[in-house]
Amino acid sequence: MNHESARANVPSRFLRSRPGWTFWVRRYEFILATLALIVGYAVFLLPGEEATPVGRGVSIGVFLLLALAWSANILVDGEKSDWFKGIVAFGLVFVSCWLFYRYSGTEWDKLGKSFFNWEKMQGAWPELLEGLLVTLELAAISAVLSILVGLVVAVLRSLGSPTLNVFLIAYLDIFRSIPMIVLMVFIYYALPYLGIELKSVTATIVALALGYGAYAAESFRAGIESVYFGQMEAARALGLTRLQTMRLVILPQAIKVVIPPLTGNMVAMLKETAVASVVASPELLKRAKEIYVGKANPTALVAAAFIYLVVLLPLTRLANWLENRLKDRMKTR
Amino acid sequence: MNKEINSEVMIEVIDLHKYFKELHVLKGISTKITRGEVVAIMGPSGGGKSTFLRCMNRLEEPGSGQIIVEGVDITSPYVDINKVRTEIGMVFQLFNLFPHLTAIENIKMAPINVRKISDKEATERGMALLEKVGLVDKAHSYPDQLSGGQQQRVAIARALAMQPQIMFFDEPTSALDPEMIGEVLDVMRAMAEEGMTMVVVSHEMGFINEAADRVLLLADGVIEEEGTPTQIFKNPTQQRTKDFLGKILSL
């Protein structure tokens with residue numbers, strides 16, 4: 001037990017003189033009574049449809065404040081159990097949602113018809129899934145290329161040549177400063193004037209590989225620098241060349257520092273493939289936009305958002321899990 | 001020592017200087033190391049002992065002067081330093097074993113990748129060396145599963161696996177707990193008896209007295225005094241040598 005929590009457990013003089021006494025706002029009698037009061041307020045005092053806007057606003061505001069105060073009183077109490085606090089927190093969220101649903105003035109029917117009109121999506125799903133396939137393909141190829149670019153740049157930087165470093169740092173700084181959308185537009189629309197014409201998919205891959213290659217290079221550099229310099233000396237003293245040292249000694253040790261940020265970058269890149277729709281790569285967002293225009297209904301965009309969510313949520317979880325696992329392992333090693 | 005010392009010069013150092021920025025660390029060192037000789041380098045910290053050793057396999061770039069290893073001037077920019085290093089085994093103060101490899105893998109790596117011998121041959125050679133340092137049962141342990149003394153013995157085996165002509169030891173026992181120093185010194189003593197040429201930066205007086213043919217006392221970047229261990233320990237001529245020895249002996 002650390003110092004602070006030890007001190008927190010010593011009751012004040014006020015409490016010491018009153019053994020077994022609980023502050024009245026923390027007692028369950030009080031909590032139940034106030035809950036009854038709030039429920040009563042909700043049943044009898046919350047306005048119906050006919051109330052004036054001002055009256056509604058004041059009345060709802062007071063109700064919300066009461067509910068917040070009541071929950072806060074429980075949530076800040078260290079003596080209350082976690083499951084009780086959990087129920088209270090979810091209850092508060094539920095009540096807020098209900099208030100929004102009832103009083104926000106949203107026309108739920110219209111909203112459903114335009115954004116969640118699944119009938120309009122009939123026959124459009126295969127196209128969306130095709131788009132997803134293109135997205136995954138773009139991401140996979142760009143991921144491999146960007147890791148290669150990053151590895152090569154980081155290894156070249158570790159050689160410590162000042163001349164070479166000027167160029168490498170210029171690459172890293174420039175490509176990390178340009179927004180991906182600008183980079184893609186530039187590669188797709190401007191390079192043809194220089195005689196370099198790339199197909200939209202190729203342009204996307206080049207932009208992603210170069211842009212994320214710069215990030216990957218930084219991850220690799222951090223990993224390489226994390227390896228104790230005595231490792232390099234020991235390897236070189238045995239007669240290994242710089243490259244052999246890198247391949248056999250430094251990189252195998254660097255990799256556990258490199259993997260977590262690299263996975264994070266790759267997940268971010270998968271998300272950023274959506275930008276490719278501006279250069280007409282037939283990926284998920286582009287397909288969704290086409291359906292949106294064709295059917296004059298934005299449900300396809302919502303569907304695309306769901307697909308992104310379904311694919312990326314597990315991946316972000318995976319990235320987090322990997323990071324924690326490697327962190328734990330480093331602590332023990 | 002009753003050991004036969006060949007007069008063939010292995011390393012000749014001529015007027016070696018080394019600067020770290022403005023700091024003049026080595027101020028003109030000249031010496032010769034002959035085949036089979038065991039040379040101990042002693043001296044106060046900051047005197048340039050480790051720097052001198054590390055210049056001789058160019059882990060530090062020498063400033064000026066010549067270092068001639070088996071007839072090759074290794075200060076020349078045209079020399080293939082990797083080739084020179086294969087003939088010089090080095091043992092570090094902090095062992096510097098590769099933590100991602102087992103003991104036997106640590107030993108095999110350089111022979112396989114630099115000497116280009118087969119995995120089978122390297123394994124045989126590695127196991128023989130582990131036997132020599134008394135760690136056959138630890139062949140498949142990772143460095144973090146070994147004690148400091150065991151790690152340093154594996155590090156010695158790793159250096160020996162390249163079959164070097166000469167071995168450098170950079171304070172091999174100063175990071176060890178006292179009870180583990182003996183096992184490392186025993187291995188080194190055995191190597192000296194087998195006639196290995198050795199340059200040892202160390203303050204282990206007992207070991208030096210027994211195994212070394214010559215002691216170099218390095219202070220402030222120059223060889224302050226040079227001679228057999230008996231000469232240096234019993235009849236030091238320089239005041240600085242006396243001060244230094246007095247300090248170690250008073251410990």
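Here the structure is a predicted model, which is why all the values come from computation and not from measurement. Throughout, a chain's letter reflects where its sequence line sits, starting with A, and its residues are numbered from 1.
Heavy-atom distances place no part of A:R242 under 4.5 Å from chain B, backbone and side chain included. Contacts between B:R54 and chain A at a heavy-atom distance below 4.5 Å involve the side chain alone, from C-beta outward. Residue contact with chain B, scored on non-hydrogen atoms closer than 4.5 Å, involves the backbone and the side chain of A:Q231 alike. Only the side chain of B:N57 has a heavy atom closer than 4.5 Å to any heavy atom of chain A. For B:I88, the part sitting under 4.5 Å from any heavy atom of chain A is the backbone (N, CA, C, O) and nothing else.
The residue among B:L101, B:L97, B:V91 with the most heavy atom pairs within less than 4.5 Å of chain A is B:L97.
For B:F98, the ring-ring contact (aromatic ring centres under 6.0 Å, His included) test picks out no residue, with sequence neighbours left out.
Taken to the nearest 0.5 Å, the OG atom of B:S118 stands 7.5 Å off from the CD atom of B:E124.
At least one donor-acceptor pair under 3.5 Å links the side chain of B:H203 to the backbone N or O of B:G43.
The pair A:R221-A:E218 meets the salt-bridge criterion, since a charged nitrogen lies less than 4.0 angstrom from a carboxylate oxygen.
B:D170 and B:S50 share a side-chain donor-acceptor pair at under 3.5 Å.
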